[in-house]
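Here is the structure we will look at, set down as structure tokens.
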2 protein chains.
Amino acid sequence: MSIKYAILGFLSHQPLTGYDLKKMFADSMTFYWSGNNNQIYRTLVDLHRQGLVSQEMEHPASGPSRKIYTITDKGLADLKQWVVSSPELPELRNRFLMQLAWADQLKPEELADLINQYEAEVQSKLLLVQDYRQRNPNAPDRTPREEYLWQMIMQNWEAYYEHELTWVCQLRAGLSDEQGSQPLTL
Amino acid sequence: MSIKYAILGFLSHQPLTGYDLKKMFADSMTFYWSGNNNQIYRTLVDLHRQGLVSQEMEHPASGPSRKIYTITDKGLADLKQWVVSSPELPELRNRFLMQLAWADQLKPEELADLINQYEAEVQSKLLLVQDYRQRNPNAPDRTPREEYLWQMIMQNWEAYYEHELTWVCQLRAGLSDEQGSQPLTL
DNA sequence: GTTGCCATGTAAGGTGTTACATGATTTA
DNA sequence: TAAATCATGTAACACCTTACATGGCAAC
């Protein structure tokens with residue numbers, strides 16, 4: 001359960017409502033969640049039960065009432081304990097690679113088409129990430145080291161999509177060169 | 001539901017039992033599944049109900065009886081339809097990046113330690129993938145184009161872990177250089 | 001006055017993992 | 001005779017997504 005720590009992480013910067021978190025997930029780029037309500041609100045209830053966050057109701061004169069969650073010392077400790085725990089290998093599920101794996105029944109044009117579509121997807125995502133990174137140069141409340149870490153995280157994503165693009169080019173080149181006779185020397 | 005197509009894909013080469021599939025997933029490298037029984041056997045039942053595979057019981061004189069599944073024409077058509085369907089962006093969940101994101105409370109040694117652990121994980125996985133690729137030079141029943149595609153799939157994985165390693169080196173370099181003062185020019 | 005945003009939540013279902021259960025056969 | 005492998009399956013649970021439901025306020 002890793003959304004738990006994503007939430008604790010966001011809360012370690014500032015108190016937030018469920019709705020705030022939902023938005024943060026939705027446009028975070030680096031955190032893959034769909035930003036769906038169900039998980040967020042349930043997890044918040046759970047965190048509260050475990051004493052990792054405290055809850056405060058706010059009934060503003062205008063606007064709907066909201067529950068503001070603040071991380072507790074216990075929550076901070078739990079977060080830190082997770083942060084130093086052994087990192088795992090990334091989970092990478094590339095549906096396109098599976099399509100390729102069984103693509104031999106396709107005609108050359110069909111295969112080329114598939115590859116082009118994938119390239120276009122990756123390309124547009126890359127632009128999104130680059131754009132996002134330029135629009136969010138640095139958050140004001142971050143230490144230099146933290147800022148550096150976040151930049152490197154963004155760069156990791158950017159590099160991933162860039163490498164994916166160059167790989168696609170290689171793939172296509174190898175296919176047009178007489179259907180891949182000397183692909184391994186590329 | 002993408003394990004469905006992974007199974008159909010394997011069956012498009014040859015008839016297999018659930019147990020065969022389980023082993024293939026377990027040591028496939030490129031297909032991330034845990035190779036757990038539950039999903040495989042359930043999916044096979046489901047595929048059979050849908051008429052995408054046919055089932056044949058075998059009661060060998062020695063050894064347990066087994067159910068051999070063979071892909072049908074309908075199954076082949078379904079597989080092909082999926083293979084040409086629009087590819088999606090890969091799903092990449094990197095727990096380590098999330099740990100980094102909230103790592104600012106750590107002492108420099110703790111952070112360095114975390115990074116080293118991640119590097120070691122990636123390094124050993126890379127060796128595994130490289131080793132696997134060299135041990136399985138080419139399957140006998142593949143067309144040249146198919147062989148090429150599988151090689152490129154393996155290369156995609158290999159390249160991913162390689163890039164992850166170089167990124168880790170950059171990350172560390174930027175941290176030791178006076179805590180990331182000029183990280184962006186890397 | 002209707003669309004859109006703020007804000008909370010629930011229902012239902014799909015997807016994936018771990019662990020359990022069974023029984024025969026092969027190998028050490 | 002004990003352990004490993006072949007072979008099939010179930011139970012329970014964790015995780016994640018889509019869609020639904022409600023209601024107030026703001027802006028056009």
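Order of the sequence lines fixes the chain letters, A, B, ..., with proteins taken first and strands second; residue numbering starts at 1 for each chain.
- Members clustered with A/Tyr19: A/Tyr41, by chain and number, using a 4.5 Å side-chain heavy-atom cutoff among hydrophobic residues.
- Here B/Glu56 does not pair with B/Arg66 in a salt bridge; the nearest charged N to carboxylate O distance is not below 4.0 Å.
- Classification of B/Lys4 and B/Asp78 as a salt-bridged pair holds, one side-chain N sitting under 4.0 Å from a carboxylate O.
- Taking side-chain N and O atoms only, A/Arg93 has a distance below 4.0 Å to OP1 or OP2 of C/dG16.
- Put simply, B/Arg42 has no side-chain N or O that comes within less than 4.0 Å of OP1 or OP2 on C/dT15.
- The side chain of B/Asn37 sits closest to C/dC20 out of C/dT8, C/dC20, D/dG23.
- When the nucleotides C/dT17, C/dC20, D/dC16 are ranked by their closest atom to the side chain of A/Gln39, D/dC16 comes out on top.
- The separation between A/Leu44 atom CG and C/dA7 atom P is 14 Å, rounded to whole Å.
- Taking atom CG of B/Leu21 as the reference point, atom P of D/dG9 lies 13 Å away to the nearest angstrom.
- At least one side-chain nitrogen or oxygen of B/Asn36 sits closer than 4.0 Å to the OP1 or OP2 atom of C/dT17.
- Taking atom NZ of residue A/Lys22 and atom C1' of nucleotide C/dA7, one finds them 8 Å apart after rounding to whole Å.
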Query raised in the report: Going through the distances and angles, do B/Glu91 and A/Arg93 end up as a salt bridge (charged side-chain N to carboxylate O under 4.0 Å, His left out)?
Result: CA-CA 5 Å; B/Glu91 260 173 71; A/Arg93 326 192 159 183; 5.2 Å; no
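- Using a 30° and 60° split on the angle between ring planes, B/Phe10 and B/Phe31 fall in the perpendicular class, above 60°.
- With a 6.0 Å radius and a threshold of 12 heavy atoms from other residues, nucleotides or ligands, A/Asp27 has its CG atom above the threshold.
- Spacing between atom CG of B/Asp20 and atom C1' of D/dT5 amounts to 13 Å, rounded to whole angstrom units.
- Going from atom CD of A/Glu58 over to atom C1' of D/dG24 covers 15 Å, rounded to whole Å.
- The phosphate of C/dT8 has OP1 or OP2 within less than 4.0 Å of a side-chain N or O from A/Tyr41.
- An OP1 or OP2 oxygen of C/dG9 is reached within less than 4.0 angstrom by a side-chain nitrogen or oxygen of A/Lys67.
- Between B/Lys23 atom NZ and D/dT5 atom P the separation is 11 Å, expressed in whole Å.
- Remark: P of C/dT22 and CZ of B/Arg66 are 24 Å apart, rounded to the nearest angstrom.
- An OP1 or OP2 oxygen of C/dC6 is reached within less than 4.0 angstrom by a side-chain nitrogen or oxygen of A/Tyr19.
- Taking atom CZ of residue A/Arg95 and atom C1' of nucleotide C/dG16, one finds them 18 Å apart after rounding to whole Å.
- Rounded to the nearest 0.5 Å, atoms CG (A/Leu8) and CD1 (A/Ile3) are 11.0 Å apart.
- Judged by distance alone, with hydrogens and angles left aside, the side-chain atoms of A/Gln50 form no donor-acceptor pair with the main-chain N or O of A/Leu47 at under 3.5 Å.
- Considering only side-chain atoms of B/Asn38, the nucleotide from D/dT18, D/dA11, D/dG23 that sits closest is D/dA11.
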Requested in this report: Any chance you could encode DNA chain C as dot-bracket? Rule is Watson-Crick or G-U wobble with both distances under 3.5 Å; [ ] for pairs crossing earlier ones, | for another strand.
Outcome: ||||||||||||||||||||||||||||
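- An OP1 or OP2 oxygen of D/dA7 is reached within less than 4.0 angstrom by no side-chain nitrogen or oxygen of B/Thr17.
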